[in-house]
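Notes follow the structure.
All values below come from the heavy atoms of this structure, side chains included, with hydrogens, waters and symmetry mates left out. Lettering follows sequence order; numbering is per chain, from 1.
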Amino acid sequence: MPRTWWVNHKQTFSQEIKGNYLWSPKRKANGARNPFYDSMRAATPGDLVLSYADGLIRHVGRVVEFAFTAPKPEEFGATGGYWSAVGWLLPVYWVPLAAPVRPRDLIATLRPLLPDKYSPIRAATGHGLQSVYMTAIPQPVFDVVVAAGTAAGSAAFDAGVLQRGGSNSLSYRVVREELDDAVEKRVAADTTLDQTTRDAVIRARRGQGRFRDNVHAVERACRLTGITNPALLIASHIKPWRLCDTAPERLDGMNGLMLTPDADLLFDRGFVTFHDDGRPEVSTRFDKRDLRRLGLGGTAPETLGLWEAQGLSEAQAPYVASGFRPEQCAYMEYHRREVFVA
DNA sequence: CTACGCGCTCG
DNA sequence: CGAGCGCGTAG
């Protein structure tokens, strides 16, 4: 069963509906955890979301993908100027309700259904709460609202949302491509860089050119499979290309791993990261059975069982087992903190 | 349309 | 006690 959520997003409503996403910081301004930001990465593909703004629920959304790390959308403009520059981006496919619903009008019905904690609206008055962003709601709350906003009721609407969202919704791939495109334009127009450097930085986006040579000088094998055949290896940024601050960072061989295509995807997407001693860690969001299907799941899922799978002892697999250099650790710390979906 | 208090809830 | 993607009102 999909989980049901409610998001109060008056300030960014128009941008997030139009763009088919939700965005939030990862932490509060003072660095503390925020349960509503944590909800962003708890959301699972297929979950359903009610959009609340200006006292109205006008859209229902379906979560398309797990949240991933992305810069604050530029279209926010001055809104949320104090929010962090990097946060969670959750792809959500939005569908408008036939008729907008004013929860305040339904408060008598909703009151007994609302959660005691983290309720998105006040039980007494039906007014929205500023402190709440993305919050879990019981299914009956979702059903009451959707039934009030559609002629056919929520079951039929769920089916409609689930079906229509397939073809033209956002995906991590598409969003990353757009973000990369925007960065590439800025690089191409950066007159502080000479032409040769600009070309190298742009080629580094695809793991090609000088960046690949630099990485390959440091890393000879895939950290997950142990494969050394260069034809099977992709030069993958540890700190993502789009989130690097400078050209040297984008070209630094210490900011890369040589990975096979599946490993590159898992690492890039934040489903796998590494500790400084070389141990891989797998996201709790990732189905461990899929690791096995990819040929990565051995007897010890927490270490991926790589050496066992290859019939090696840990000592016999120096590339896979070896720790990172200090320069690599700095980038990997960033990956664990900002990219990894814990 | 943005800006600024005023609230309240929760850590 | 203060942070926070709302509410109401002012310009």
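With hydrogens and angles left out, the side-chain atoms of A:T260 and A:D262 include no donor and acceptor closer than 3.5 Å. In this model, a donor atom of one side chain and an acceptor atom of the other lie less than 3.5 Å apart for A:T197 and A:D194. Under 3.5 Å, the side chains of A:D268 and A:Y172 contain a donor-acceptor pair of N or O atoms. Using a 3.5 Å distance cut-off with no hydrogens or angles, the side chains of A:W241 and A:D180 do not pair a donor with an acceptor.
Note that A:R58 lies in the cation-pi zone of A:F13, set by a 6.0 Å cut-off to the ring centre and a 45° limit from the axis. Judged by a 6.0 Å distance limit and a 45° cone about the ring axis, A:R41 is not positioned over the six-membered ring of A:W88. Cation-pi geometry between A:R223 and A:F324 is met: under 6.0 angstrom from the ring centre, within 45 degrees of the axis. Under the 6.0 Å distance and 45° angle rule, A:R285 does not count as a cation-pi partner of A:F271.
The interatomic distance linking A:I121 (CD1) with C:dC7 (C1') rounds to 14 Å, in whole Å. Taking atom CG of residue A:N30 and atom C1' of nucleotide C:dC1, one finds them 12 Å apart after rounding to whole Å. To the nearest angstrom, C1' of C:dC5 lies 15 Å from CG of A:L90. Atom CZ in A:F13 sits about 13 Å away from atom P in C:dC7, given to the nearest Å. Separating the CD atom of A:Q15 from the P atom of B:dC1 is a distance of 11 Å, rounded to the nearest angstrom. A:N8 places its CG atom 15 Å from the C1' atom of B:dG7, with the value rounded to the nearest Å. Nucleotide C:dG4 holds its P atom 17 Å from the NZ atom of A:K26, rounded to whole Å. Atom CE in A:M134 sits about 19 Å away from atom P in C:dG4, given to the nearest Å.
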Pairing of DNA chain B as dot-bracket, 5' to 3': ( ) intra-strand, [ ] crossing, | other strand, . unpaired, with Watson-Crick or G-U pairs under 3.5 Å? ||||||.||||

Where do N or O atoms of nucleotides 9-11 of chain B meet protein N or O atoms at under 3.5 Å, pair by pair?
{"from": "B:dC10", "atom 1": "OP1", "to": "A:Y118", "atom 2": "N", "distance (Å)": "3.4"}
{"from": "B:dG11", "atom 1": "OP1", "to": "A:K117", "atom 2": "NZ", "distance (Å)": "3.3"}
{"from": "B:dG11", "atom 1": "OP1", "to": "A:Y118", "atom 2": "OH", "distance (Å)": "2.4"}

Which atoms of nucleotides 4-6 of chain B (N or O only) lie under 3.5 Å from a protein N or O atom, and what are those distances?
none

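When side chains are defined from C-beta on, A:F142 does not count as touching A:W6, because their heavy atoms never get closer than 4.5 Å. Looking at A:W23 and A:K72, their side chains come closer than 4.5 Å, going by heavy atoms from C-beta outward.
Look at A:Y82 and you'll find a side-chain N or O under 4.0 angstrom from OP1 or OP2 of C:dC5.
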For A:R242 and A:E249: C-alpha separation, side-chain torsions, deciding distance, then whether salt bridge (Lys or Arg N to Asp or Glu O under 4.0 Å) applies. CA-CA 11 Å; A:R242 67 181 176 279; A:E249 258 190 339; over 6 Å; no

Step-by-step salt bridge (Lys or Arg N to Asp or Glu O under 4.0 Å) determination, A:E177 to A:R173: CA-CA 6 Å; A:E177 203 71 4; A:R173 253 170 200 276; over 6 Å; no

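Applying the 5.5 angstrom centroid cut-off and the 30 degree plane-angle cut-off, the aromatic ring of A:W83 is stacked upon the base of C:dC5.
Within 4.0 Å of A:H9, counting heavy atoms only, lies at least one base atom of the nucleic acid.
Checking C:dG8, C:dC5, C:dG6 against the side-chain heavy atoms of A:R104 singles out C:dG8 as nearest.
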